[in-house]
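Worksheet: the structure to be examined is printed underneath.
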Amino acid sequence: MRRQRPTLIAVSTLIAVTLTTAPTPANAAPPDQVTALTAHQADGYTTLAWQPVDGATDYQIERTPINADNTPTGAPTIVGIWRPNRQINQHAPTFADAGYNPGDTFQWRVRARTGTTEQPYSDPVTATTTAPWGNPTTPGEQLRTGWETTHAAQYTTDTDEYAYTAAIDALSDRVRVVELGRTVQNRPINMMVIGHPTPAATPEAVAATAPVAINCNVHGNEPGDREACLIMARQLAFSTDPRITDLLSHTTVLIVPTINGDGRANNTRGNSTGQDLNRDYSLIRQPETTAYITMVRDYRPVAGYDGHEFGNSRAGDLPMLPPRHQNVAQPIFDQSQDMIEGHMYAKGAEAGWWACPYGCEGGGNVGLSEETILRNTLGLKNVTNSLLELRSSGGQTRPDEGNTTNNRRRKTYSALWTFHQFLDYHRADRADILKARSEAIETQAANTGRLVFRGSRPIPAHPAPHPGDSPPPLDAPPADLILDNPPCAYKLTDAQYNGARTDGPGGVGTTVAQRIAAHGWKVITIGDDHYIPLNQPERGLIPLLLDGKGVEKLTDGERVYPTLTGRRNGPLAVTGFTCADDATINGPVTVRAGAALVTTATTISGPLTAASAAGILLADSTINGPVRIATTDTISIIDATIAGPVDLSGNTTGTDAPVLAGTTIRGPLNCTGNNPTPHNLGIANTVHGPRTTQCAAL
Ligand SMILES: [Zn+2]
């Protein structure tokens with residue numbers, strides 16, 4: 001194809017810098033020539049958009065470097081191939097061109113191909129691309145990562161990362177850097193806690209802001225997302241853009257740049273022991289995953305993204321996937337799919353990024369139901385979330401990425417786009433995300449329906465066949481990994497619960513008790529027995545670790561089934577561990593000292609009283625009478641209806657705060673002398689009477 005340089009230079013001198021449209025005389029263009037080409041600049045990429053050509057098979061995007069006089073300074077290069085499977089709306093093709101040095105000036109042309117026949121190029125557009133974010137002379141904004149200063153020739157080193165995050169911490173009131181833990185080789189695992197004008201002061205206060213969490217680098221040899229996280233942290237810390245300050249005024253952004261610092265420093269997938277950390281989030285054998293899961297327990301993010309790179313050259317730019325495990329509550333799956341299909345696919349089609357279901361063409365056996373994968377672990381913890389994979393090579397649709405730095409920049413700036421979109425989605429759909437979360441927690445705590453030990457929900461090509469060509473494999477649960485009759489609880493012996501383990505680094509593992517505590521599950525201890533009831537928010541995850549059928553389990557707990565069902569009249573004195581399911585109990589219920597009562601779908605007509613009990617866990621239950629719980633070790637009341645009054649007094653529950661969530665109380669609520677103070681998991685209660693100070697915010 002001949003290139004008409006003199007003509008395009010003459011045209012391009014007329015064109016504005018940021019958003020340019022080549023003026024095409026109405027009757028001048030040949031019918032197969034691309035028209036109305038525009039180039040819109042954003043952080044690290046240029047969105048090219050044009051009028052589609054009838055009958056086009058695909059389009060080629062050509063980029064040429066030019067100087068200030070619009071004289072080419074290098075050869076024209078085909079940098080992109082637009083194919084119909086890129087985006088959901090075929091009538092408005094877009095392509096995100098990335099990989100160049102941000103701030104440089106280019107001209108672009110686009111042409112259609114019909115089969116192998118190349119049609120005429122469009123008139124060119126020229127523009128200067130957006131320089132790396134932040135005024136180079138403004139304190140804070142002037143910070144740059146090692147990756148930026150080397151023009152993507154080197155990834156930011158561990159020591160550069162710590163210095164960069166410490167500088168942001170020091171210069172921005174919006175940012176607090178907290179150390180979540182240490183890697184096996186003693187590198188800090190930092191998290192940036194970002195809010196406006198300042199982040200909330202404590203994990204519990206942050207949890208009240210419905211925070212979002214981005215895990216940037218779990219596989220040490222997949223560093224593209226981490227660089228995006230570091231750049232975004234600078235933008236969030238210092239930008240005066242009203243969009244940014246608005247976002248940060250309505251939530252807290254939690255960014256963990258490098259959970260796997262040892263793997264990053266050594267450019268290995270696993271940590272220094274060789275463990276793939278994204279196969280350890282449920283088992284938490286390693287200090288890195290323990291740090292993250294403990295953070296999830298304490299900060300309670302409501303939405304998340306988990307950043308990776310994907311070595312399938314035929315995939316889209318941005319393969320994504322929701323938590324698919326069938327034990328994930330339906331509202332969390334649906335909300336995650338809404339984020340991906342409803343938001344990312346649509347916005348990707350506007351910006352020119354090709355978001356698609358993970359796997360895509362020839363993706364292999366990926367994206368399955370292992371609960372050890374953070375995507376699924378978070379879903380089982382009622383967090384709306386997605387995997388993000390950056391296609392690691394340019395592939396057939398980005399033929400200029402044999403150039404390593406260009407390839408790295410495309411990956412990082414596509415991740416930066418995704419993470420900003422994630423924040424916008426949370427801002428717009430926060431109410432729906434919170435509703436999905438509360439419905440999921442109530443559904444889980446009700447402990448109804450089958451459990452599966454492995455098995456995924458299907459992921460459709462959306463809308464078929466765009467974007468992407470094929471979704472990940474079906475992954476239906478095999479019959480022997482389905483448990484139709486869920487137990488009420490798992491009972492562990494003291495040896496199982498507190499016994500030494502060898503499954504950690506150097507053959508030393510934390511105890512099951514410590515791991516259950518890191519997950520935040522309530523445990524009832526009676527004598528030497530430890531009961532983990534399923535009427536809890538993470539009901540879908542508990543059996544995967546404690547049932548003998550668990551594929552990657554911690555121990556073989558004993559299934560404990562309900563002993564109280566059906567109708568029962570007269571006073572009831574509860575001794576030992578008592579589980580009521582689908583029961584109707586007429587008469588006062590007294591839980592004796594050292595005993596425990598666990599209920600689901602149960603109605604108690606009469607007062608419920610517990611003093612110095614081992615535990616009271618009520619879910620999806622009705623108490624037609626007053627409830628009084630004092631000096632009891634473990635307390636959880638979720639989605640209950642209580643005639644009231646309710647009195648929680650003098651309960652000392654260690655590090656595990658009493659939960660009172662999603663419950664309606666038709667009377668006063670008195671909470672006095674509880675340590676720690678009860679909380680509501682972010683699900684408000686409805687209380688018709690007055691409340692005392694400790695429960696005033698519940
Ligand atoms: Zn990965």
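Since the model is a prediction, treat every value here as computed from it, not as a measurement.
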- Message: Looking at Asn485, is its backbone amide N or carbonyl O close enough to the side chain of Tyr561 to form a donor-acceptor pair, meaning the two atoms are under 3.5 Å apart?
- Response: yes
- Return yes when atom CZ of Arg430 has more than 12 non-hydrogen atoms of other residues, nucleotides or ligands closer than 6.0 Å, and no otherwise. yes
- Under the side-chain contact (heavy atoms from CB on, under 4.5 Å) rule, what do Arg300 and Leu681 come out as? Steps first, then yes or no, please. CA-CA 8 Å; Arg300 298 203 296 273; Leu681 295 172; 4.3 Å; yes
- Item | Closest non-hydrogen atom pair, Ser336 against Pro322 | CB-CB, 3.6 Å
- Shortest non-hydrogen pair, Thr511 vs Gly499, comes out as CG2-O, 3.8 Å
- Query: Are any side-chain N or O atoms of Asn685 and backbone N or O atoms of Gly662, one a donor and one an acceptor, separated by less than 3.5 Å?
  - Reply: yes
- Query: Any donor-acceptor pair under 3.5 Å linking the side chain of Thr251 with the backbone of Leu248?
  - Reply: no
- For Ser612 and Thr631, test the side chains for any donor-to-acceptor distance below 3.5 angstrom and give the result as yes or no. yes
- Looking only at side chains, do Asn215 and Tyr281 share a donor and an acceptor under 3.5 Å apart? yes
- Task: Check whether any side-chain heavy atom of Arg375 lies under 4.5 Å from a side-chain heavy atom of Asp306, and answer yes or no.
- Result: no
- Taking it one step at a time, do Arg437 and Gln335 satisfy side chain to side chain donor-acceptor pair (under 3.5 Å)? CA-CA 9 Å; Arg437 177 180 174 80; Gln335 194 68 39; over 6 Å; no
- Return yes if some donor-acceptor pair links the side-chain N/O of Gln496 with the main-chain N/O of Asp556 below 3.5 Å, else return no. yes
- To the nearest 0.5 angstrom, please state how far the CD1 atom of Ile373 sits from the CG atom of Leu277. 13.0 Å
- Are Leu608 and Leu618 close enough that some pair of their side-chain heavy atoms sits under 4.5 Å apart? yes
- Looking at side-chain heavy atoms only, is the closest gap between Ile332 and Val383 below 4.5 Å? no
- Message: Can you list everything that forms a side-chain hydrogen bond (donor to acceptor under 3.5 Å, both in side chains) with Ser621? Sequence neighbours excluded, please.
- Response: Thr599
- Message: Can you confirm whether Leu544 sits close enough to Leu451 that some side-chain heavy atom of one is under 4.5 Å from a side-chain heavy atom of the other?
- Response: no
- Task: To the nearest 0.5 angstrom, please state how far the NE2 atom of His325 sits from the CZ atom of Phe453.
- Result: 9.0 Å
- Provide the closest heavy-atom pair for Ile623 versus Gly606 in the form atom of the first, atom of the second, distance. CG2-O, 3.9 Å
- Item | Residue list, side-chain hydrogen bond (donor to acceptor under 3.5 Å, both in side chains) with Arg174, at least two apart or on another chain | none
- Query: By side-chain hydrogen bond (donor to acceptor under 3.5 Å, both in side chains), which residues pair with Arg324, not counting sequence neighbours?
  - Reply: none
- Message: Is it the case that over 12 heavy atoms from other parts of the model lie below 6.0 angstrom from the CZ atom of Arg501?
- Response: yes
- Query: Are side-chain heavy atoms of Val659 and His679 found at a separation under 4.5 Å?
  - Reply: yes
- Item | With sequence neighbours excluded, residues passing salt bridge (charged side-chain N to carboxylate O under 4.0 Å, His left out) with Asp656 | Lys522
- Residues which pass salt bridge (charged side-chain N to carboxylate O under 4.0 Å, His left out) with Asp582, listed by chain and number, not counting sequence neighbours: none
- Query: To the nearest 0.5 Å, how far apart are CG in Asn385 and CD1 in Ile433?
  - Reply: 11.0 Å
- Query: Is it true that the side chains of Gln286 and Thr289 contain a donor and an acceptor less than 3.5 Å apart?
  - Reply: no
- Note on the structure: Quick note, salt bridge (charged side-chain N to carboxylate O under 4.0 Å, His left out) partners involving residues 530-549, not counting sequence neighbours, are Lys381-Glu538, Asp547-Arg559
- Message: The criterion is salt bridge (charged side-chain N to carboxylate O under 4.0 Å, His left out); which residues satisfy it with Arg515, sequence neighbours excluded?
- Response: Asp503
- Using a 4.5 Å cut-off on heavy atoms from C-beta on, say whether the side chain of Ile459 contacts that of Phe333. yes
- Task: Please tell me if the side chains of Thr384 and His426 come closer than 4.5 Å, counting only heavy atoms from C-beta onward.
- Result: no
Under 3.5 Å, which donor-acceptor pairs link side chains of residues 562-581 to any protein atom two or more places apart or in another chain?
from   : atom 1 : to     : atom 2 : distance (Å)
Asn569 : OD1    : Asn586 : ND2    : 2.9
Thr578 : OG1    : Thr575 : O      : 3.1
Asp581 : OD1    : Thr600 : OG1    : 2.6

- Query: Side chain of Asn278, backbone of Leu374: donor and acceptor closer than 3.5 Å?
  - Reply: yes
- For the side chain of Thr632 and the backbone of Ala613, is there at least one donor-acceptor N/O pair under 3.5 Å apart? yes
- Check whether any side-chain heavy atom of Leu380 sits under 4.5 Å from a side-chain heavy atom of Pro323, and report yes or no. no
Under 3.5 Å, which donor-acceptor pairs link side chains of residues 634-644 to any protein atom two or more places apart or in another chain?
from   : atom 1 : to     : atom 2 : distance (Å)
Thr634 : OG1    : Val523 : O      : 3.0

- Message: Is a donor from one side chain sitting under 3.5 angstrom from an acceptor on the other, for His343 and Asp338?
- Response: no
- Query: How far does OG1 of Thr377 sit from CD of Glu370, to the nearest 0.5 angstrom?
  - Reply: 10.0 Å
- Message: Please check this pair: side chain of Gln326 against backbone of Ser456, looking for a donor-acceptor N/O pair closer than 3.5 Å.
- Response: yes
- Item | Arg297 atom CZ: more than 12 heavy-atom contacts under 6.0 Å | yes
- Task: State whether the side chain of Asn376 and the backbone N or O of Leu368 hold a donor-acceptor pair below 3.5 Å, judged by distance alone.
- Result: yes
- Message: Test: disulfide (SG to SG under 2.5 Å). Region: residues 603-635. Which pairs qualify, not counting sequence neighbours?
- Response: none
- Look at the side chain of Arg666 and the backbone N and O of Asn624, then say whether any donor-acceptor pair between them is shorter than 3.5 Å. no
- Any donor-acceptor pair under 3.5 Å from Thr602 side chain to Ala583 backbone: yes
- Query: Does any donor atom in the side chain of Thr653 or Asn651 lie under 3.5 Å from an acceptor atom in the other side chain?
  - Reply: no
With a 3.5 Å cut-off and sequence neighbours excluded, list the donor-acceptor pairs that the side chains of residues 686-698 form with protein atoms.
from   : atom 1 : to     : atom 2 : distance (Å)
Thr692 : OG1    : Asn670 : OD1    : 3.4
Thr692 : OG1    : Cys671 : N      : 2.7
Thr692 : OG1    : Cys671 : O      : 3.0
Gln694 : OE1    : Asn674 : N      : 3.1
Gln694 : OE1    : Asn674 : ND2    : 2.9
Gln694 : NE2    : Asn674 : O      : 2.7

- Specify the closest pair of heavy atoms between Phe422 and Ala213, including all atoms of both residues, with the distance to one decimal. CE2-O, 3.9 Å
- Can you sort out the partners of Asp334 under salt bridge (charged side-chain N to carboxylate O under 4.0 Å, His left out), two or more places apart, ordered by chain and number? none
- Message: How long is the straight-line distance from OG of Ser282 back to CD1 of Ile293, given to the nearest 0.5 Å?
- Response: 8.0 Å
- Of all heavy-atom pairs linking Val591 and Ala596, the shortest is CG1-N, 4.0 Å
- Note on the structure: In this structure, CD of Glu371 is separated from CG of Leu545 (nearest 0.5 Å) by 6.5 Å
- Which atom names give the shortest non-hydrogen contact between Pro676 and Gly654, and what distance separates them? CD-O, 3.0 Å
